[in-house]
Student: 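There's a structure below that I have some questions on.
Numbered from 1 within each chain, the chains take letters A, B, ... in sequence-line order.
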2 protein chains.
Amino acid sequence: MHGAGWCYRRFKDEGFRLTIPRQAILDVFNQNSKHLSAEEIFLLVHRNYPGVGLATVYRTLDLLTQMGIIFKSDFGDGCSRYELADEATKGHHHLICTRCGRIIDYSDFIEKEEKFTKELETELSQKYKFKINSHQIHFYGLCDKCQ
Amino acid sequence: MHGAGWCYRRFKDEGFRLTIPRQAILDVFNQNSKHLSAEEIFLLVHRNYPGVGLATVYRTLDLLTQMGIIFKSDFGDGCSRYELADEATKGHHHLICTRCGRIIDYSDFIEKEEKFTKELETELSQKYKFKINSHQIHFYGLCDKCQ
DNA sequence: AATGAAAATGAAAATCATTATCAGTTAATA
DNA sequence: TATTAACTGATAATGATTTTCATTTTCATT
Ligand SMILES: [Mn+2]
Ligand SMILES: [Mn+2]
Ligand SMILES: [Zn+2]
Ligand SMILES: [Zn+2]
C-alpha cells in the first residue's frame with residue numbers, strides 16, 4: 001500500500017491531524033479487505049484501543065470518505081459499508097445476492113471493464129460537464145446457494 | 001407502459017391483492033419518472049388518498065421490489081429511492097454528484113453498455129454460478145454546478 | 001518549556017428512516 | 001353467509017447515524 005508518510009502528509013496538507021484513533025481505523029482497513037460496517041470497525045479498533053468511541057469512528061469514516069481514501073457503499077443490508085478506495089474503485093466490482101445479502105468481489109475481466117468505463121467516462125463527462133471521480137458496478141441476483 | 005390487466009394478473013398469480021393503496025402507489029410511479037423516496041411517495045399518494053398510511057407505503061414498496069416491478073437504489077442521501085424497474089434496469093444509468101446529491105439519468109451510449117453488460121453477465125454468471133437479474137452502474141463525481 | 005487557538009474526542013442525547021406490533025377491515029372462496 | 005387469509009392504519013419500537021457539549025489533545029508560536 002502507500003507508505004505511512006504519505007497519509008500523514010495528506011492529512012497535514014488539508015489541515016487535519018492524523019491522530020491515534022484515525023491511525024487505528026486506517027490500520028483496520030489495511031489489515032482487512034472486507035466490506036466493513038461502522039460497528040464492525042468500532043469493534044476491531046476496540047481490541048487495541050478500547051477508549052475509541054463509536055462517534056469518532058463515524059466521524060473518521062466520514063472524513064476518510066471525503067478525502068477519497070475509503071469508499072462508502074450500500075449493499076442493502078441496513079448499514080453503510082466501507083473499503084479502501086483503491087480497491088473499490090480500481091480493483092473489482094460486486095455481485096450482490098438479493099436473498100441472503102452475500103457480496104462477491106470479482107476482479108475478472110477487469111481489463112475489459114477498465115477500457116469500457118474509461119471510454120464511457122470520457123464521453124459522459126464531456127456531454128454532462130460532470131467531473132467523474134469513481135464508479136461502481138453492481139450486479140444483483142441470486143448466489144449459488146440461494147437459487 | 002404495461003396494460004392495467006397485466007399488473008392485476010401478476011398480483012393474483014402470486015397470491016397478492018391489487019388494492020386501492022397499491023394501485024395508488026403504482027400510479028405515482030407511472031406519472032412520475034423521478035427517483036422517489038418513501039416519504040415523497042407517501043405525500044403524493046396522500047393528495048388523492050389521505051387515508052393511506054406511511055407503513056402501507058413502505059410495505060408496498062417492499063412488495064413491489066420483491067416482485068421486480070420497481071427498483072430500490074441508494075444514492076447516499078439517507079433514504080432509499082425507488083423507480084420503475086423497466087427504466088432503472090434497461091433504460092439508463094446514473095451520474096451522482098457527491099457534493100450536492102444531484103442525480104443525473106443518462107441514457108446515452110446505452111447500446112454499447114447493453115452489449116458490454118450482457119457479455120459480462122454471461123461470463124460472471126458462469127464463473128460464479130450466480131443468477132444475475134439486474135445491474136446498476138453509478139458514476140460519482142461533481143456536477144457542473146459543483147466544480 | 002509555557003501559552004493559546006483550533007482540531008479532535010468520548011459519552012450521551014437526539015434524529016430520523018425503517019420495521020414490527022396489533023386490533024380491526026377487506027376480499028376471495030366455498 | 002361463514003371461513004379464512006391478506007391487508008390495513010395507527011402507533012410503538014428499532015437501530016444506524018448525527019449532534020451536542022464539555023473536555024482533551026495537538027501544534028505553531030512565544
Ligand atoms: Mn468490494
Ligand atoms: Mn434513474
Ligand atoms: Zn445468496
Ligand atoms: Zn452537484
Student: Could you tell me which non-hydrogen atom of B:Ile110 sits nearest to which non-hydrogen atom of B:Tyr106, and how far apart they are?
Tutor: CD1-O, 4.4 Å
Student: Any protein N or O atoms within reach of nucleotides 28-30 of chain D? Criterion: under 3.5 Å, listing atom names and distances.
Tutor:
from   : atom 1 : to      : atom 2 : distance (Å)
D:dA28 : OP1    : A:Lys12 : NZ     : 3.3

Student: Using the side chain to side chain donor-acceptor pair (under 3.5 Å) criterion, which residues pair with B:Lys12? Sequence neighbours excluded.
Tutor: none
Student: Evaluate whether atom NZ of B:Lys34 has more than 12 neighbouring non-hydrogen atoms of other residues, nucleotides or ligands under 6.0 angstrom away.
Tutor: no
Student: What is the separation between atom CG on A:Leu61 and atom C1' on C:dA8, rounded to the nearest whole Å?
Tutor: 15 Å
Student: Please step through side-chain contact (heavy atoms from CB on, under 4.5 Å) for the pair A:Leu18 and A:Leu26, ending with a clear verdict.
Tutor: CA-CA 10 Å; A:Leu18 186 44; A:Leu26 277 168; 4.0 Å; yes
Student: Between B:Phe11 (CZ) and C:dA27 (P), how many Å, whole number?
Tutor: 15 Å
Student: Quick one: list whatever passes side chain to side chain donor-acceptor pair (under 3.5 Å) with B:His92, sequence neighbours left out.
Tutor: B:Glu83, B:His94, B:Asp105
Student: Taking 4.0 Å as the cut-off, does a side-chain nitrogen or oxygen of A:Thr19 come that near to OP1 or OP2 on C:dT9?
Tutor: yes
Student: Whole Å only: how far is the CG atom of B:Leu43 from the P atom of C:dA17?
Tutor: 11 Å
Student: Could you work out, with side chain to side chain donor-acceptor pair (under 3.5 Å) as the rule, every residue matching B:Arg22, not counting sequence neighbours?
Tutor: none
Student: Rounding to an integer number of Å, can you tell me how far B:Phe42 CZ sits from D:dT11 C1'?
Tutor: 13 Å
Student: Answer yes or no: is there an ion pair linking B:Glu14 with B:Arg10, defined by an N-O contact shorter than 4.0 Å?
Tutor: yes
Student: Quickly work out the A:Leu18 CG to C:dA6 C1' distance and round it to whole Å.
Tutor: 17 Å
Student: Among residues at least two apart in sequence or on other chains, which ones pass ring-ring contact (aromatic ring centres under 6.0 Å, His included) with A:Phe29?
Tutor: none
Student: Note every stem involving DNA chain D: at least three consecutive Watson-Crick or G-U wobble pairs, i with j then i+1 with j-1, with both distances under 3.5 Å.
Tutor: C:1-30 with D:1-30
Student: Name all pairs fulfilling the side-chain hydrogen bond (donor to acceptor under 3.5 Å, both in side chains) condition that reach into residues 137-147 of chain A, sequence neighbours left out, sorted by first residue then second.
Tutor: A:Arg102-A:Asp144
Student: Does anything in residues 36-58 of chain B pair up under salt bridge (charged side-chain N to carboxylate O under 4.0 Å, His left out), and if so which pairs, sequence neighbours excluded?
Tutor: B:Glu40-B:Arg81
Student: Under the side chain to side chain donor-acceptor pair (under 3.5 Å) rule, collect the residues that match up with B:Lys129, sequence neighbours excluded.
Tutor: none
Student: For B:Gln66 and C:dT19, give me the distance from atom CD to atom P, rounded to whole Å.
Tutor: 11 Å
Student: Specify the residues of residues 20-29 of chain B, ordered by number, for which at least one heavy atom lies under 4.0 angstrom from an atom of DNA chain D.
Tutor: B:Pro21, B:Arg22
Student: Rounded to the Å, how far apart are B:Leu36 CG and C:dA17 P?
Tutor: 15 Å
Student: With the side chain of A:Phe16 defined as its heavy atoms from C-beta on, choose the nearest nucleotide among C:dA27, C:dG10, C:dA8.
Tutor: C:dA8
Student: I'd like to know if A:Glu111 pairs up with A:Lys115 as an ion pair, taking the criterion as any Lys NZ or Arg NE/NH1/NH2 lying under 4.0 Å from an Asp or Glu carboxylate oxygen.
Tutor: no
Student: If you look only at distance, which donor and acceptor atoms sit under 3.5 Å apart when one is on a side chain in residues 59-72 of chain A and the other is two or more places apart or in another chain?
Tutor:
from    : atom 1 : to      : atom 2 : distance (Å)
A:Arg59 : NH2    : A:Thr56 : OG1    : 3.4
A:Thr60 : OG1    : A:Thr56 : O      : 2.8
A:Thr65 : OG1    : A:Leu61 : O      : 2.7

Student: Where do N or O atoms of nucleotides 13-19 of chain D meet protein N or O atoms at under 3.5 Å, pair by pair?
Tutor:
from   : atom 1 : to      : atom 2 : distance (Å)
D:dT17 : OP1    : A:Ser80 : N      : 2.9
D:dT17 : OP1    : A:Ser80 : OG     : 3.3
D:dT17 : OP2    : A:Tyr58 : OH     : 2.5
D:dT17 : O5'    : A:Tyr58 : OH     : 3.4

Student: Which atom names give the shortest non-hydrogen contact between B:Gly76 and B:Asp74, and what distance separates them?
Tutor: N-OD1, 2.7 Å
